[in-house]
Amino acid sequence: MLRCTDLQRYLGQGEGRVHVLKGVSFEALRGQIYAIVGPSGCGKSTLLYLLGLLDQPDGGQIAINGQTMSNNDDAARTAARGAHIGFVFQFHFLMLEFTALENVMMPMRKLGRLTPPQMAERAHELLASVGLADKTHRLGTQLSGGEQQRVAVARALANSPSIILADEPTGNLDVKNSAMVFDLLTRLAKDHGQAVILVTHNPDIANRCDFVRPMRDGVFI
Amino acid sequence: MSPNLLIAYRFLTAKKRAMLMSLSCTVLGVGLFIVTQATTSGFEEFFIKTILGTDGAMRVEDKMQDTIRSMNAGGGSDFIISHREGVKYIEGVEEPKLVIGGLNQFANVSGTSAVLRGNVVVRSSFKNETAQVFGISLEEHLKVSDLQHQIVQGDLATFRESPAGALMGKVLAERLELDVGSSFLLDAQGQLRRYRVSAIYETGVSDIDKTRVYVHLGEARSLLKRPTGVTFIQINLFDKDRAPQDAYQMQEVLKHSARPWQDREKAWLSAFRALSVSSAITVSVFTLIAGLAMFNTLAMIVLEKTKDIAILRSMGYERRDITQIFLWQAGIVLTIGAVVGALVGIIGTFAVSKIPLPINGIFKTETFQVSWSGWHYFEAILTAAILVMAASIIPARRAARLEPGDIVRGTAQ
């Protein structure tokens, strides 16, 4: 479903230019949870952003559902992100001027597959599934860190993407909230047959995934 | 509401103070633009109304005669008699009836009045003043002027019934210490004739009010010893703005010089135009500040919302959506600013029209003159739209160019 082959990525310019990814190949299938682990600076997050089509590789290919995406123009990659990929970031990244419900509806509004009442209904369902049914109309600023991350999980699932990419989704949470968010993410992904690729430093989280891919110096080891 | 508009609205309301700065400048810019244009146009229109009411929309005067043209011997010969080509003007209209007959063929002509003008000395018991006598046929002249509404003492009926009656300008009457019913002498080329003031008029144009005496055309002919012909024919038009085109055609057809009011009053009209443009430029400074404030506000929002931009991009929002979100913000400020500014313009124009301001000289008024024209609102809003939207394009494009990968990695510039 998601496949990348021989990904190359350089960051920086001039003397500061660093070869971050040195020919990474990877494959993710529906219903499976993948953990990418490794020390800071090994290229985990860079790989995740490339897989999420937020960035373009300097070499290699990325294909989603058999369709090569890495060399497409920005508009095609953006459309593919909206339709196939859901993101959960470490720092929640909720839009704070909007309520939890509006944040979850945001990707649906752009995709435009559902009518506004259907969007609201689905957003309510997703927020209920992450345990926030009674906080749908709270602004981002009125939610705790754990609650914000649960809203971010609900938002990542809004368009029923086939792939969920999570960059340290529990990195900013306490143990209790970390476990809750991870359980939610994996349960919902399994229920809906979605592939989850997460980057984490937390060995407990990594050990609970179906596959663990350790990285070092820009390559899987 | 479209998602982009909703996001724009929320982003904007999150920066209330900065937004209010842009908004208040837009309101001031639009409102003041409307008020200044309403007043400058108001005075210009009042001036035009005054001059049309005194000297008419057009005057047909001197007869034009072609001078001798260059001649070529022809037949392959190089022999040429060369002359400077031009037009010779013969003063006055010799055949006014024929010319008026020709003028009446023009669909735009609403009235004509043959006028015989001459220089005189007005002698009263106290003083002598040089002046100009205008011989008119009253009924015809009322069709080409506002004389009826310019009478401030006496009445036209008295003038109509009195062959030796005269209409005298207010300033001239005051200088000569003449009232309605007073008699005076007109001295033209050594010939003295006595007249009586039937009425006193006031146009507000000092050059007219201190020099012009109207008498019946027949009287003027006797006084000035001009049994035939007139000095000029004053014309009124249904559509005054077409005067230059009509003047050109009349000149071609009637072979008499025809001068439209736009040409006759060119100096004053240019002054009004310059005043209008300079006041528009001055008040546009507010709109310029509104544009700069908008630029500043949007630039701040771009800096503060880079993560939101990354989220939106990760969710499938395209670069053009991001551009739209920021242009919508400018659009919201512009729309509110235009509506409130137009209301300020309406209220301001009405308030200014009530301010007492006695003016006498080029026209007579007691209050500010204002013009109610939709064009002022259109121009004000267009100026604001150009400046505010132009100022918004740079931050909007900057926001759209941000790479979501760079933002989440923390390396966005």
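Only a predicted model underlies this, so the values are computations on that prediction, with no experimental measurement involved. Values below: every heavy atom of this structure, side chains too, minus hydrogens, waters and symmetry copies. Just so it is clear: chains get the letters A, B, ... in the order the sequence lines come, proteins before strands, and each one is counted from 1.
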Within the 4.5 Å heavy-atom criterion, are [X] and [Y] side-chain neighbours or not?
| X | Y | value |
| --- | --- | --- |
| Glu97(A) | Thr13(B) | no |
| Ser314(B) | Phe89(A) | yes |
| Leu6(B) | Phe98(A) | yes |
| Arg109(A) | Tyr317(B) | yes |

Next item on the list: Would you mind checking which part of Glu102(A) comes under 4.5 Å of any heavy atom in chain B, side chain (CB onward), backbone (N, CA, C, O), both or neither?
Entry: side chain

Margin query: Heavy-atom cut-off 4.5 Å, strictly under: side chain, backbone, both or neither for Leu11(A) against chain B?
Written below: side chain

Checklist line | Among the listed options Arg320(B), Glu318(B), Arg319(B), the residue most often paired with chain A at heavy-atom distances under 4.5 Å | finding: Arg319(B)

[X], [atom1]: over 12 other non-hydrogen atoms inside 6.0 angstrom:
| X | atom1 | value |
| --- | --- | --- |
| Met119(A) | CE | yes |
| Phe286(B) | CZ | no |
| Asp239(B) | CG | yes |

Check: With no hydrogens and no angle check, is any side-chain donor or acceptor of Arg81(A) less than 3.5 Å from a backbone partner on Gly316(B)?
Finding: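 Here the side-chain-to-backbone pair does not exist.
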
Checklist line | Contact winner vs chain B - Gln56(A), Arg77(A), Met95(A), heavy-atom pairs under 4.5 Å | finding: Met95(A)

Checklist line | Top contributor to chain B interface from Pro107(A), Ala79(A), Ala83(A) [non-hydrogen pairs under 4.5 Å] | finding: Pro107(A)

Notebook entry, point to check: At their closest point, which heavy atom of Pro404(B) faces which heavy atom of Leu54(A), and how far apart are they?
Noted result: CB-CD2, 3.6 Å

Note to self: Restricting to non-hydrogen atoms, name the atom on Leu96(A) and the atom on Asp308(B) that form the minimum distance, rounded to 0.1 Å.
What the structure shows: N-OD2, 4.5 Å

Checklist line | Inter-residue atom distance Lys110(A).NZ - Asn4(B).CG, 0.5 Å rounding | finding: 6.5 Å

Notebook entry, point to check: Can you say whether Leu312(B) sits under 4.5 Å from chain A via the side chain, the backbone, both, or neither, judging by heavy atoms?
Noted result: side chain

Check: Under a 4.5 Å heavy-atom cut-off, does chain A meet the side chain of Asp321(B), its backbone, both or neither?
Finding: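 The answer is the side chain of Asp321(B).
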
Next item on the list: Using distance alone, with no hydrogens and no angle criterion, decide if Thr78(A) and Arg313(B) have a side-chain donor and acceptor under 3.5 Å apart.
Entry: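 Yes, side-chain donor-acceptor contact under 3.5 Å.
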
